Amino acid sequence: MDDAAIKQQYDAIVARAGLSIPADREATMVDTYKDILKWSRIVRNRPRPASLEPSNAYFLATVTRVVDGEKGA
Amino acid sequence: MSEIQDMSIAALSAAYRERTLSPVEVTEDALQRIAALNDTLNAFNTVTAELALARAKAAEAEFMSGTDLGPMHGIPFGAKDIYDTAGILTSCQSKLRPDVVPDVNAHAVQKLLDGGAVLLGKCATIEFATGGPSEETLFPPARNPWNTAHVPGGSSSGSGAAVAAGMTRMALGSDTGGSIRGPAAYCGTVGIKPTYGRVSRRGVFPLSFTMDHCGPLSWSVADAALSLQVMAGFDPLDPASADEPVADYAAGLDGGVKGLRIGYVANWLAEDKNTHPEIPAAIETALAALRADGAVVENVALSSHEVFHACGRMIILAECYAIHEKDLMERPELYGRPTRERLMAGAFVRGSDYVEALRMRREMSLQFNAEVLGQYDAVIAPATALPAGRFDAQPNDPLALSGYLTVPFNVTGNPAMSVCCGFTSEGLPISMQVVGKPFDEAMVLRVGAAYERASAWRHRRPTLSA
């Protein structure tokens with residue numbers, strides 16, 4: 001995606017979100033948007049087995065029981 | 001520093017019980033230190049001197065009558081200004097909350113007060129615990145006691161500065177991507193982020209619901225153990241609270257590291273071209289000290305820090321944007337620029353990005369706990385790739401994290417603690433993280449305490465004229 005396309009997306013997102021960004025900070029925020037696009041590629045381009053579904057991903061008990069279960073298997 | 005300010009929580013506690021020192025003397029001493037230094041450091045937004053002295057007098061009377069509320073009884077502490085404090089301004093450092101006075105204490109604050117601790121006041125924070133230091137916020141930013149031209153780290157900036165400067169032995173912080181461990185590292189204190197769910201977040205202004213952790217910053221590992229002991233435990237009113245038993249954290253502090261297997265995450269500093277050259281050397285020296293004490297220390301490779309970073313930051317940005325969306329639309333001018341712009345970046349995260357990041361989080365947590373902590377008792381990782389930066393050289397990038405290497409353990413949720421492991425030639429602290437298995441804070445504290453005994457860094461304090 002070229003810079004013009006990125007800027008077009010950025011403008012649409014900012015407008016939809018109702019955000020006011022001062023003109024002197026816009027270039028910085030466009031660069032921030034590019035950083036988010038890069039992170040988006042990192043989190044998306046991975047194998048996605050069914051076991052990696054996100055419910056309660058952050059509850060450690062749901063992690064330890066899998067780890068302990070694998071040890072016992 | 002006074003003799004009192006050099007005493008550990010355990011030593012103060014013992015002195016109270018031997019009647020050689022009173023909580024009133026200790027609180028007065030802390031308040032004098034705050035009065036002398038706070039204009040320089042801005043570590044406290046609000047000092048509750050009268051309340052503190054009244055509580056200290058009550059503690060003194062309780063000791064005299066034989067009432068003993070435990071290891072924090074009569075111990076002064078500070079609370080980051082995002083913790084609700086009944087009857088005391090809880091501003092989050094923000095012009096959006098210049099007059100917010102809660103009726104009820106945050107659960108962790110209440111547990112400390114129930115244990116007889118003495119609240120000194122509210123510590124400065126980065127506004128709403130995200131962004132960077134700003135002069136546009138309700139209170140001025142805290143400064144680093146080791147060099148006031150440098151930042152103390154954030155977001156628990158005042159907590160780190162207050163502990164390092166000897167204003168208090170312990171101050172509460174919160175950690176969503178490193179906000180306890182980062183300021184602890186930059187200020188040369190101890191800072192423990194316990195396991196997700198270990199300490200209740202109830203009454204603490206949220207940044208990211210699934211990444212927020214509460215814990216103490218303290219001068220020593222033993223201070224951290226005693227503080228965390230009082231804060232930890234199940235809270236049925238915190239939806240994320242874990243109903244897991246709480247160990248006796250002080251009991252294992254003298255256990256040493258002989259025979260322990262410890263992994264060292266060597267790849268994060270190596271892959272960052274901006275790593276300060278003195279940091280890898282300081283950590284290698286610390287690892288040698290652990291080996292000399294009998295630990296088996298081996299290098300382990302984790303996923304690139306950039307991968308953890310992308311995962312964690314996508315989650316944080318999406319969640320904090322949801323919290324602040326209305327204010328960002330309706331009154332954005334009340335935020336300081338660094339906080340406003342970082343929060344606004346949450347608008348750029350798609351819903352499906354967030355879900356994919358959560359799925360990735362599960363994968364990374366499973367991998368770390370099975371593959372790494374399946375082989376090791378604990379892991380050491382660098383806390384930051386850089387020492388504290390200067391105020392006049394703060395990054396323009398709203399997403400910059402100033403070299404923090406802490407977010408991976410918010411992603412995995414494991415307990416992680418910063419401990420000082422040296423100083424740069426400019427006199428700024430260097431720190432490493434000790435990381436443990438879920439709910440095994442006791443091991444983290446044990447390894448940290450062993451390293452602390454093997455090193456001399458706790459004897460070095462900032463030179464401040466007071």
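The sequence lines fix the lettering, A, B, ..., with proteins before strands; numbering per chain opens at 1. These figures come from a predicted structure and were not determined experimentally.
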**Per-residue contact mode, B/Arg342 against chain A (heavy atom under 4.5 angstrom)** = neither

**Asked** Taking every heavy-atom pair that is under 4.5 Å apart, which of A/Val14, A/Thr62, A/Ile13 has the most such pairs with chain B?
**Response** A/Thr62

**Message:** So for B/Ala242, is it side chain, backbone, both, or neither that comes closer than 4.5 Å to the heavy atoms of chain A?
**Reply:** neither

**Request:** Name the region of A/Ser40, side chain, backbone, both or neither, that has any atom closer than 4.5 Å to a heavy atom of chain B.
**Result:** both

**Message:** Let's test your reading of the structure: which of A/Leu19, A/Leu60, A/Ile21 forms the most heavy-atom pairs below 4.5 Å with chain B?
**Reply:** A/Leu60

**Message:** Checking an interface table here. Which of residues 26-38 of chain A come within a heavy-atom distance under 4.5 Å of chain B?
**Reply:** A/Thr28, A/Met29, A/Thr32, A/Tyr33, A/Asp35, A/Ile36, A/Lys38

**Prompt:** Given that the side chain runs from C-beta out, which part of B/Thr195 has a heavy atom under 4.5 Å from chain A: side chain, backbone, both or neither?
**Reply:** side chain

**Request:** Tell me, for A/Pro49 versus chain B, whether the close heavy atoms (under 4.5 Å) come from the side chain, the backbone, both or neither.
**Result:** backbone

**Item:** Proximal component of B/Thr412, with respect to chain A [non-hydrogen, under 4.5 Å]
**Value:** backbone

**Evaluation steps, ring-ring contact (aromatic ring centres under 6.0 Å, His included), between B/Phe209 and A/Tyr58** = CA-CA 10 Å; B/Phe209 301 110; A/Tyr58 38 88; over 10 Å; no

**Message:** Between B/Leu373 and chain A, with a heavy-atom cut-off of 4.5 Å, which part of the residue counts as in contact: side chain, backbone, both or neither?
**Reply:** neither

**Message:** Report which part of B/Glu333 has an atom under 4.5 Å of a heavy atom belonging to chain A: side chain, backbone, both, or neither.
**Reply:** neither

**Prompt:** Would B/Tyr335 and B/Glu136 count as having a side-chain donor-acceptor pair, cut-off 3.5 Å?
**Reply:** no

**Prompt:** In terms of heavy-atom proximity below 4.5 Å to chain A, should B/Arg340 be classed as side chain, backbone, both, or neither?
**Reply:** neither

**Fill in**
Heaviest contributor of heavy-atom pairs below 4.5 Å to chain B, chosen from A/Gln9, A/Arg41, A/Arg16, A/Arg44, is A/Arg44

**Prompt:** Between B/Leu328 and chain A, which part of the residue has a heavy atom less than 4.5 Å away: side chain, backbone, both or neither?
**Reply:** both

**Asked** Within the side chain of B/Asp243, is there an N or O that forms a donor-acceptor pair under 3.5 Å with the backbone of B/Phe234?
**Response** no

